[in-house]
Amino acid sequence: MSISLGKLAVQFGCELRGDPDTEVDQVGTLQSAGKGCIAFLANPSYRKMLAQTQATAVILEESVVEDCPTAALITPEPYRVYAHVAALLHPEPPLVPGVHESASIGADCEIPKSCEIAPGVVLGDAVVLGERVCIGALCVLGRGTVLGDDTRLMAGVTLYSGVQIGQRCLLHSGSVVGADGFGIAKESTGAWTKVPQLGGVRIGDDVEIGANTTIDRGTIEDTVIANGVKLDNQIQVGHNVAIGEHTAIAGQVGISGSAQIGARCMLGGQAGVAGHVTIADDVVVMGRTMVTHSIKKPGVYAGGGVPMDEAANWRKNAVRFGQLDDMARRLRRVEKAVLKPASDDES
Amino acid sequence: MSISLGKLAVQFGCELRGDPDTEVDQVGTLQSAGKGCIAFLANPSYRKMLAQTQATAVILEESVVEDCPTAALITPEPYRVYAHVAALLHPEPPLVPGVHESASIGADCEIPKSCEIAPGVVLGDAVVLGERVCIGALCVLGRGTVLGDDTRLMAGVTLYSGVQIGQRCLLHSGSVVGADGFGIAKESTGAWTKVPQLGGVRIGDDVEIGANTTIDRGTIEDTVIANGVKLDNQIQVGHNVAIGEHTAIAGQVGISGSAQIGARCMLGGQAGVAGHVTIADDVVVMGRTMVTHSIKKPGVYAGGGVPMDEAANWRKNAVRFGQLDDMARRLRRVEKAVLKPASDDES
Amino acid sequence: MSISLGKLAVQFGCELRGDPDTEVDQVGTLQSAGKGCIAFLANPSYRKMLAQTQATAVILEESVVEDCPTAALITPEPYRVYAHVAALLHPEPPLVPGVHESASIGADCEIPKSCEIAPGVVLGDAVVLGERVCIGALCVLGRGTVLGDDTRLMAGVTLYSGVQIGQRCLLHSGSVVGADGFGIAKESTGAWTKVPQLGGVRIGDDVEIGANTTIDRGTIEDTVIANGVKLDNQIQVGHNVAIGEHTAIAGQVGISGSAQIGARCMLGGQAGVAGHVTIADDVVVMGRTMVTHSIKKPGVYAGGGVPMDEAANWRKNAVRFGQLDDMARRLRRVEKAVLKPASDDES
């Protein structure tokens with residue numbers, strides 16, 4: 001489809017510089033965009049690419065508009081506006097309703113006619129699907145799973161029994177929802193007895209779950225993912241975890257059992273959250289941080305790693321890390337000898 | 001099913017406070033449990049929930065029994081006893097023996113009549129299953145794989161050829177056992193030549209393997225997982241690794257090739273074990289620790305990260321990490337000037 | 001098959017010590033190899049096993065040949081030569097051309113007669129396969145995917161639409177190529193709007209991708225994996241990433257969106273690369289390193305963790321990490337008091 005810059009400006013509240021009748025029909029990057037393409041500039045480090053762009057129009061902030069050789073949609077939020085424009089120009093392919101003949105459907109399932117069930121899908125008994133649900137090839141839905149309207153599962157998603165998912169969710173391939181949490185109790189022999197994992201998983205509306213992400217079922221009650229949560233790939237969510245509305249979590253984060261994460265939080269890639277910890281609303285946790293204790297107030301938190309360096313330097317400093325407590329004590333002793341009155345209250 | 005507190009007390013060696021004829025029929029949490037529910041209290045941080053519980057009975061330690069308003073099963077190991085009670089009250093659903101018509105079965109397979117083979121399963125040639133093996137939907141078992149009695153594969157497990165699994169194991173969805181290890185040899189051109197991965201994977205009895213965990217086949221001999229090992233989700237086990245009996249490993253741990261891990265070890269989440277390292281029996285490795293060299297004696301080991309802090313503080317301290325060796329040398333110089341005789345033997 | 005040591009020596013440019021007519025027919029480890037086996041010694045820590053080996057021949061460096069009780073193929077690169085010898089003695093099983101009757105094939109696919117399509121495979125429309133492509137059981141190939149000659153997908157690989165893969169690639173089970181990148185834009189309400197992921201993934205020749213590794217599609221243009229790249233298991237490659245030729249990446253590494261990694265790099269296990277970072281050619285990043293900023297020249301880089309220690313020691317030192325900036329300032333103050341002239345230019 002094709003749309004005029006004037007209509008885009010009105011629809012997304014942008015100031016337009018250029019001819020409102022100019023049409024665009026696809027998105028492009030600043031470097032690659034050609035005639036009919038609309039690009040965006042959100043990350044200032046790419047500003048230098050603006051001058052050479054062949055795009056028909058660029059979505060950008062007012063502060064950079066003077067560098068822009070083309071028509072411009074000016075907005076304080078170019079990335080957000082770009083997201084909407086891209087969705088408008090490149091809509092999802094429509095569903096192809098119907099149940100593929102190779103799908104295996106359990107007893108007592110509710111599958112509206114508007115749903116698409118791709119080849120090789122396996123539904124257990126009593127699965128309930130909303131309108132326009134799309135189940136990709138080779139997905140498995142355990143007994144009694146419930147999916148809301150317009151939810152899509154890409155190929156190869158596995159839902160255990162006892163999983164409920166809301167409306168307009170998107171689950172990517174290889175994600176596993178509802179596997180047993182890691183609950184084991186030690187016997188005097190050293191062997192482990194499995195703790196039955198009897199809860200389920202309850203996922204709200206508008207949730208996206210990345211490829212190969214795993215969300216374990218609760219031990220007794222449910223693991224809960226609230227509305228609007230966005231999970232990247234290869235995230236591990238332990239049993240009994242609760243994640244609040246609109247929290248976004250980047251790839252390879254691990255969340256241990258019974259952790260409670262607030263609303264509108266952001267967790268950077270490869271971060272870890274310890275078991276039974278609580279994180280307040282509106283907390284930002286930087287990538288690779290180990291959240292070892294509860295965070296009670298909003299803010300930006302970091303930790304878990306030390307900066308990259310040439311390996312030889314890192315190694316020298318890393319050895320000193322193991323001497324830090326000793327160094328601190330020695331520093332204190334020197335201070336006492338040299339600066340007696342000033343530092344008496346330090347330890 | 002339903003069982004009396006008196007029977008539970010006898011069966012699990014607990015002291016009973018309350019009427020032995022009172023019956024319970026399901027488990028619950030302290031907060032949510034109602035009539036007929038039995039709850040437990042193992043983590044002292046949840047003790048404050050005891051007073052309000054509506055459970056019919058609680059499994060707990062003697063030290064907290066005075067706070068308990070209900071019947072109590074008193075034991076020094078409430079979590080372990082809870083595990084057994086929960087398994088008793090909530091048994092696994094029974095197998096539905098038979099091979100689904102959509103399964104694809106290779107030549108010369110041995111499949112006892114007691115086995116359940118779910119829809120879409122693909123067995124290669126010469127697969128050998130024990131009694132009452134359950135293969136979930138869309139599992140793939142490579143040529144010649146062998147599974148012991150009562151082993152269960154949840155939906156979507158992939159076993160390459162050359163994998164042997166013992167009795168009573170449980171493998172969760174998305175786990176991959178027997179993929180090639182990461183063996184590559186550099187050519188003078190900079191290109192890599194693949195080292196054929198010719199070994200298999202040998203897994204003992206009573207092993208549990210979490211969702212999306214991967215265990216690579218050996219290069220020449222087998223990768224070995226001993227009896228009773230418990231692996232959480234998204235763990236990577238490299239080629240030629242050996243893991244000893246009853247060792248438990250939490251989510252997202254990575255174990256590099258040829259590492260040897262002892263019996264009854266515990267590795268916390270996101271830990272990493274370097275290649276060719278040996279870890280003794282009864283070692284505890286805390287979460288996120290980098291095991292870069294062998295551990296020769298039992299104990300608790302940590303390292304790999306630094307504590308979480310507000311990001312601004314962390315950043316200031318992280319910069320100083322890169323100056324640590326310099327700081328140590330400067331401290332030494334100051335000490336020499338100030339405290340000459342006392343510190344001559346330090347460096 | 002069986003081959004003489006003389007032929008191996010000629011083919012791989014080794015010096016032979018022993019009878020050139022001696023035949024070997026399989027590989028083995030130094031400890032387990034028996035008659036007819038050829039072993040190798042590349043890691044000096046295994047040298048002590050040489051004296052007891054029952055192998056018929058060993059591939060090794062000249063420096064250890066005097067410890068070798070058997071015939072020897074002497075080369076400066078024993079691991080590389082071993083890789084070729086193992087491939088020669090243990091060739092891949094041949095393809096079984098044909099499309100299994102349970103496979104679901106879309107419209108307008110091109111599938112040469114030389115291809116093997118295993119049970120349960122699902123191909124979307126317009127899939128194009130080269131000669132001798134092997135698609136393992138239960139793989140899903142999205143609409144329009146293109147695979148070059150001799151590429152193999154093990155069981156359970158998922159390719160989204162818009163994925164192109166070159167020749168002689170090997171993808172392991174559970175790998176997912178082409179899922180949406182993690183692109184979300186914040187609304188004033190706190191909710192996230194999805195940024196459509198419209199690019200594809202372009203993978204060169206001779207690439208190996210490990211089990212459960214995920215490679216996201218580009219936002220607008222393609223994510224690009226160059227020829228000869230080797231990826232281990234459980235790696236996450238974000239959208240718009242480019243990885244240069246012959247770069248090898250170990251397990252559980254995470255590469256954030258738009259990172260550009262050069263040719264012939266090596267990244268150790270559990271490393272992380274921040275978004276939009278550039279890494280030069282020929283860079284080695286040690287395991288667990290957080291690459292938070294661009295690396296402009298070849299070299300070995302480390303960082304991200306601190307050394308393992310007994311937990312009590314680590315904890316004491318970790319507490320001091322949070323005091324590092326304070327310690328540095330205090331050290332400076334003491335220096336000023338004690339060593340005035342020498343350190344005036346330090347801070």
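Quick caveat, the model's predicted, so the values are computed rather than measured. Sequence lines set the chain letters: A, B, ... in the order given, protein chains first and strands last, and positions in each chain run from 1.
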Item to check | E187(B)-H84(C) side chain donor-acceptor pair, cut-off 3.5 Å | outcome: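 There is such a pair (donor and acceptor under 3.5 Å, judged by atom type) between the side chains of E187(B) and H84(C).
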
Toward chain C, the part of [X] with a non-hydrogen atom under 4.5 Å:
| X | result |
| --- | --- |
| S104(B) | side chain |
| V253(B) | backbone |
| A271(B) | backbone |
| A274(B) | neither |
| D180(B) | both |
| V300(B) | both |
| S256(B) | neither |
| L198(B) | side chain |
| S102(B) | neither |
| M286(B) | side chain |

Please classify the contact between [X] and chain B as side chain, backbone, both or neither, with a heavy-atom cut-off of under 4.5 Å.
| X | value |
| --- | --- |
| I249(C) | backbone |
| N317(C) | neither |
| P119(C) | both |
| E208(C) | side chain |
| E77(C) | side chain |
| L231(C) | backbone |

Considering only heavy atoms and a distance below 4.5 Å, find which of [options] pairs most often with chain B.
| options | answer |
| --- | --- |
| N43(C), V81(C), N233(C) | N233(C) |
| G228(C), A328(C), G304(C), A155(C) | A328(C) |
| Q31(C), H90(C), R264(C) | H90(C) |
| M308(C), Q26(C), E101(C) | M308(C) |
| G174(C), A33(C), A248(C) | A248(C) |
| G322(C), A263(C), G210(C), G287(C) | G322(C) |

N/O donor-acceptor pair under 3.5 Å between [X] side chain and [Y] backbone:
| X | Y | value |
| --- | --- | --- |
| N212(B) | N212(C) | no |
| W192(B) | V229(C) | no |
| Q234(C) | I235(B) | yes |
| Y160(B) | S173(C) | yes |

Checklist entry - Is there a side-chain contact between D216(B) and D232(C), using heavy atoms and a 4.5 Å cut-off? => result yes

Checklist entry - What pairs meet the side chain to side chain donor-acceptor pair (under 3.5 Å) rule with one or both residues in residues 296-311 of chain B, with sequence neighbours excluded? => result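 Residue pairs with at least one partner in residues 296-311 of chain B: D309(B)-N313(B).
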
Next on the checklist: Tell me whether the count of non-hydrogen atoms from other residues, nucleotides or ligands lying under 6.0 Å of CZ in R143(B) goes above 12.
Outcome noted: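 Count not over threshold, so no.
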
Closest contact, heavy atoms only, [X] versus [Y]:
| X | Y | result |
| --- | --- | --- |
| V306(C) | F321(B) | CG1-CE1, 4.0 Å |
| L324(B) | L324(C) | CD2-CD2, 3.7 Å |
| A179(B) | H172(C) | CB-ND1, 3.9 Å |
| Q252(C) | Q252(B) | NE2-O, 3.4 Å |
| A83(C) | A185(B) | CB-CB, 4.3 Å |
| A211(C) | V176(B) | CB-CG1, 4.0 Å |

Between atom [atom1] of [X] and atom [atom2] of [Y], what is the distance when rounded to the nearest 0.5 Å?
| X | Y | atom1 | atom2 | result |
| --- | --- | --- | --- | --- |
| D326(B) | L331(C) | CG | CG | 8.5 Å |
| Q270(C) | R288(B) | CD | CZ | 9.0 Å |
| T193(B) | Y82(C) | OG1 | OH | 13.5 Å |

Checklist outcome for this item: Greatest number of non-hydrogen atom pairs under 4.5 angstrom with chain C, of V291(B), V285(B), T292(B), V284(B), falls to V291(B)

Item to check | Set of ring pair (Phe, Tyr, Trp, His ring centres under 6.0 Å) partners for H276(B), sequence neighbours left out | outcome: Y46(C)

Item to check | Stepwise side chain to side chain contact (heavy atoms under 4.5 Å, CB included) test for V195(B) and F40(C) | outcome: CA-CA 12 Å; V195(B) 178; F40(C) 75 102; over 6 Å; no

Item to check | CA sep, side-chain torsions, deciding dist, call: E335(C), R330(B), side chain to side chain contact (heavy atoms under 4.5 Å, CB included) | outcome: CA-CA 8 Å; E335(C) 282 179 323; R330(B) 287 161 52 202; 2.7 Å; yes

Item to check | Criterion side chain to side chain contact (heavy atoms under 4.5 Å, CB included) on L170(C) and K194(B), from CA distance to verdict | outcome: CA-CA 11 Å; L170(C) 174 58; K194(B) 181 180 177 64; 3.9 Å; yes

